[in-house]
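Each remark here refers to the structure printed beneath this line.
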Amino acid sequence: MKKLLVAFAALTALSAQADTLKVAATPVPHAEILEFIKPQLAKEGVDLQVKVFTDYVQPNVQVAEGRLDANFFQHQPYLDEFNKARQTKVKLETVTGVHIEPFGAYSSKIKNLADLPEGAQVVIPNDATNGGRALLLLDKAGVIKLKDNTSITATPKDIAENPKGIKIRELEAATLPRVLNQVDLALINTNYALEAKLNPTKDALAIEGSDSPYVNILVAREDNKASADMQKLAKALHSPEVKKFIEEKYKGAVVPAF
């Protein structure tokens with residue numbers, strides 16, 4: 001009993017000495033990856049606390065306001081757009097890139113994009129970067145033709161040719177899987193597709209290639225991105241164990257970028 005009490009006291013003391021790192025993440029795959037590395041960080045004296053969000057706004061807002069230390073859910077174009085649009089007092093910066101989630105087009109009504117009907121109802125994310133990303137995928141798949149197929153912030157107004165007269169609506173990214181059975185085609189971020197039990201490598205009618213520039217990144221404030229604990233987190237996210245975890249768990253739906 002005495003040995004148990006001594007061991008418990010030692011663990012309690014170690015826990016008390018651990019530095020707390022609060023990180024925002026969307027549920028899949030970001031929070032799952034962070035939960036996977038929790039034990040490793042605990043051994044290094046970092047108490048990683050994962051705060052799960054289902055939207056793309058609050059994770060950045062709360063890090064900028066200092067309520068959280070970092071977030072893991074977005075790609076660089078989205079972060080650039082956030083910093084430009086919000087103009088927060090504290091700039092958010094990239095710590096490191098972790099993985100790519102190939103963006104896909106899904107349908108519960110057709111099996112091939114060639115079968116997309118005239119005047120099809122198509123939904124895409126309503127934020128500038130992911131909306132542009134969706135349009136670029138539709139352009140690459142031959143559904144539409146954009147005036148500039150290199151612009152990551154293209155909008156429906158930038159469509160030069162629309163042979164099937166598809167009708168595009170912009171909705172919040174998180175809602176897209178929920179309206180999938182109400183439309184002909186939905187362009188969905190992979191994290192939300194995975195949450196909805198969609199398999200991007202099997203269910204997507206069109207999907208980005210491995211050359212996608214949209215690497216998902218760990219983001220922190222300019223005043224804490226170089227901290228010892230943040231660097232421990234970045235190193236853990238680039239470990240061989242994490243690479244194996246991503247490859248085995250997501251089977252191509254999420255691709256390591258390191």
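- Side-chain contact between E32 and Y250 is present, with at least one heavy-atom pair separated by less than 4.5 Å.
- Salt-bridge check for K225 with E93: passed, with a basic side-chain N closer than 4.0 Å to an acidic carboxylate O.
- Other residues, nucleotides and ligands place no more than 12 heavy atoms under 6.0 Å from the CZ atom of R169.
- Applying the side-chain hydrogen bond (donor to acceptor under 3.5 Å, both in side chains) test between N216 and each of Q76, H30, H75, Q74 identifies H30 as the sole match.
- Under the 4.5 Å side-chain heavy-atom criterion for Ile, Leu, Val, Met, Phe, Trp and Tyr, I166 and L185 are members of the same hydrophobic cluster.
- Counted within 6.0 Å of NZ on K243, heavy atoms from surrounding residues, nucleotides or ligands total 12 or fewer; the atom is thus considered open.
- Rounded to the nearest 0.5 angstrom, T20 OG1 and L48 CG are separated by 10.0 Å.
- You'll find the side chain of E195 stays beyond 4.5 Å of the side chain of P177, heavy atoms only.
- Nearest heavy-atom pair, I217 versus G97, reported as atom, atom and distance to 0.1 Å: CG2-CA, 3.8 Å.
- Judged by distance alone, the side chains of Y214 and N189 never bring a donor and an acceptor atom under 3.5 Å apart.
- A 4.5 Å side-chain heavy-atom check between Q62 and F53 finds at least one atom pair inside the cut-off.
- Between Y78 and Y56, the distance separating the two ring centers is shorter than 6.0 angstrom.
- Counting only distance, with no hydrogens or angles, the side chain of K164 and the backbone of L116 share a donor-acceptor pair below 3.5 Å.
- When all heavy atoms of V219 and L92 are compared, the pair lying nearest together is CG1-CB, 3.8 Å.
- Using modelled atom types and a 3.5 Å distance limit, the side chains of N130 and D127 yield a donor-acceptor pair.
- A salt bridge is defined here as a Lys NZ or Arg NE, NH1 or NH2 lying under 4.0 Å from an Asp or Glu carboxylate O, and E35 with K38 meets this definition.
- The minimum heavy-atom distance linking L113 with A141 is given by the pair CD1-CB, 3.6 Å.
- L21 and D229 get closest at one heavy-atom pair: CD2-O, 3.7 Å.
- A side-chain donor-acceptor contact under 3.5 Å links E208 to the backbone of F103.
- Under a cut-off of 6.0 angstrom, the local environment of NZ in K145 is sparse, with at most 12 non-hydrogen atoms contributed by other residues, nucleotides or ligands.
- Residue K22 qualifies as open at atom NZ: its count of foreign heavy atoms under 6.0 Å is 12 or below.
- For the pair R86 and V57, the minimum side-chain heavy-atom distance is below 4.5 Å.
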